[in-house]
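Naming convention: chains lettered A, B, ... in sequence-line order (proteins, then strands); numbering from 1 in each chain.
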Protein chains: 2
Amino acid sequence: MQQQSRAKPLRYSRQRERLLYLLQSTDTHPTAGWLYDMLKPEFPNLSLGTVYRNLSVLIEQGLVKKIDSGSTFDRYEAKTTPHYHLICHECGTIIDFEEQLFPEIDALVSKAADFAVEGHRIDFFGTCSACRTRNGKNS
Amino acid sequence: MQQQSRAKPLRYSRQRERLLYLLQSTDTHPTAGWLYDMLKPEFPNLSLGTVYRNLSVLIEQGLVKKIDSGSTFDRYEAKTTPHYHLICHECGTIIDFEEQLFPEIDALVSKAADFAVEGHRIDFFGTCSACRTRNGKNS
DNA sequence: TTATATAATGCAAATAAGTGCACCATGGGT
DNA sequence: ACCCATGGTGCACTTATTTGCATTATATAA
Ligand SMILES: [Zn+2]
Ligand SMILES: [Zn+2]
Ligand SMILES: [Zn+2]
Ligand SMILES: [Zn+2]
């Protein structure tokens, strides 16, 4: 299903370097299309396939994470510290939630379910404060 | 981003009824393609678009949930009780984890983050016991 | 510096999922 | 039973993402 990171040799790639740098420079959890648009001026013949492929490479290296936002687009981030996501279903904004609620959760589930947990993901869905303000006081 | 369930009138649809029944009859978290294949004999000119559309309708009704399995396919389930998922990255199996670990988590995050949490999703990634057995004793 | 192996890229084609539209079907009114 | 408004469906097309392949670029050794 997914190959065990078999340390295949990587070569330097300017595009991958800039892609990672770009992702590390924002906290907006951008889409692949946005990353492509931002890099296009610097690499006039960049292709979207390369963006996706480099995102995959960076994900395998553990430097980038893919976020299923619930919309039709996936989003990406380069924040490596563990955190959760607050996903606003109204405007699509993704907010990082830094507090480490349950450090022992993986071990707990591993034991309870006979399943070797290697990591987990927690996403909260709801309405962000900006959208609530815009809507008046409902919800 | 997502419309507030505005109670638009629904009509009876045999295909949607059978789709829901099929989904309720399994705990394998099937893909849209599998559902399509299973329903095709009964509805010879069923189209995949209809499957996707009916899944969306059922999701809006709260009868079905979409699961981002991390693979290239989305998966679906009709289990409405809250539970978490153990997703094996080796064979793709999704196992339900029924224990309600943190009932108060939504309220807690709502308060801490000024975000109106309406629900959450917790997924654990790792290796299932079948795969560990098959692999020998590693991991 | 040149040669060699192979990773990275661009392009186009393939997939999975979502959507517009013309037509069919359900259900409430007559 | 018939009419009609509108929801549901099939089909084809679009969108988001992945992948095959020929070409280009990186890295290492000669
Ligand atoms: Zn919002
Ligand atoms: Zn984040
Ligand atoms: Zn497995
Ligand atoms: Zn489940």
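Spacing between atom CZ of Phe43(A) and atom P of dT9(C) amounts to 9 Å, rounded to whole angstrom units. Straight-line distance from the CG atom of Leu19(B) to the P atom of dG10(D): 12 Å, rounded to whole Å. If you measure from atom CD of Glu60(A) to atom P of dT18(D), you get 12 Å, rounded to the nearest angstrom. Rounded to an integer number of Å, the gap from CD of Glu17(B) to C1' of dT9(D) is 16 Å. A straight line from CG of Leu39(A) to P of dT9(C) spans 11 Å, rounded to a whole angstrom. As a whole-Å value, the separation of Tyr36(A) OH from dT9(C) C1' is 13 Å. Atom pair Arg16(A):CZ and dA27(D):C1' shows a separation of 14 Å (rounding to whole Å applied). Atom pair Asn45(A):CG and dT9(C):P shows a separation of 11 Å (rounding to whole Å applied).
Of all heavy-atom pairs between Asp37(B) and Pro41(B), the closest is O-CD, 3.2 Å. Annotation for Cys91(A) and Thr93(A): closest pair SG-OG1, 3.0 Å, computed over non-hydrogen atoms.
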>> Across nucleotides 17-30 of chain C, 5' to 3', mark each nucleotide with B, S or - according to how protein heavy atoms within less than 4.0 Å reach it.
In response: BSBBB---BBS---
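No more than 12 heavy-atom neighbours from other residues, nucleotides or ligands sit within 6.0 angstrom of OH on Tyr21(A).
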>> Apply salt bridge (Lys or Arg N to Asp or Glu O under 4.0 Å) to residues Lys79(B) and Glu98(B) and explain how you reach the verdict.
In response: CA-CA 11 Å; Lys79(B) 177 176 294 197; Glu98(B) 305 280 354; 2.5 Å; yes
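Taken from CZ in Phe115(B) to CZ in Phe124(A), the straight-line distance is 10.0 Å, to the nearest 0.5 Å.
Within 4.0 Å of Leu46(B), counting heavy atoms only, lie sugar-phosphate atoms of the nucleic acid but no base atom.
Ionic pairing of Lys66(A) and Asp68(B) is not present here: no N-O contact between side-chain nitrogen and carboxylate oxygen is shorter than 4.0 angstrom.
A close approach under 4.0 Å does occur between a side-chain nitrogen or oxygen of Asn54(B) and OP1 or OP2 of dT9(D).
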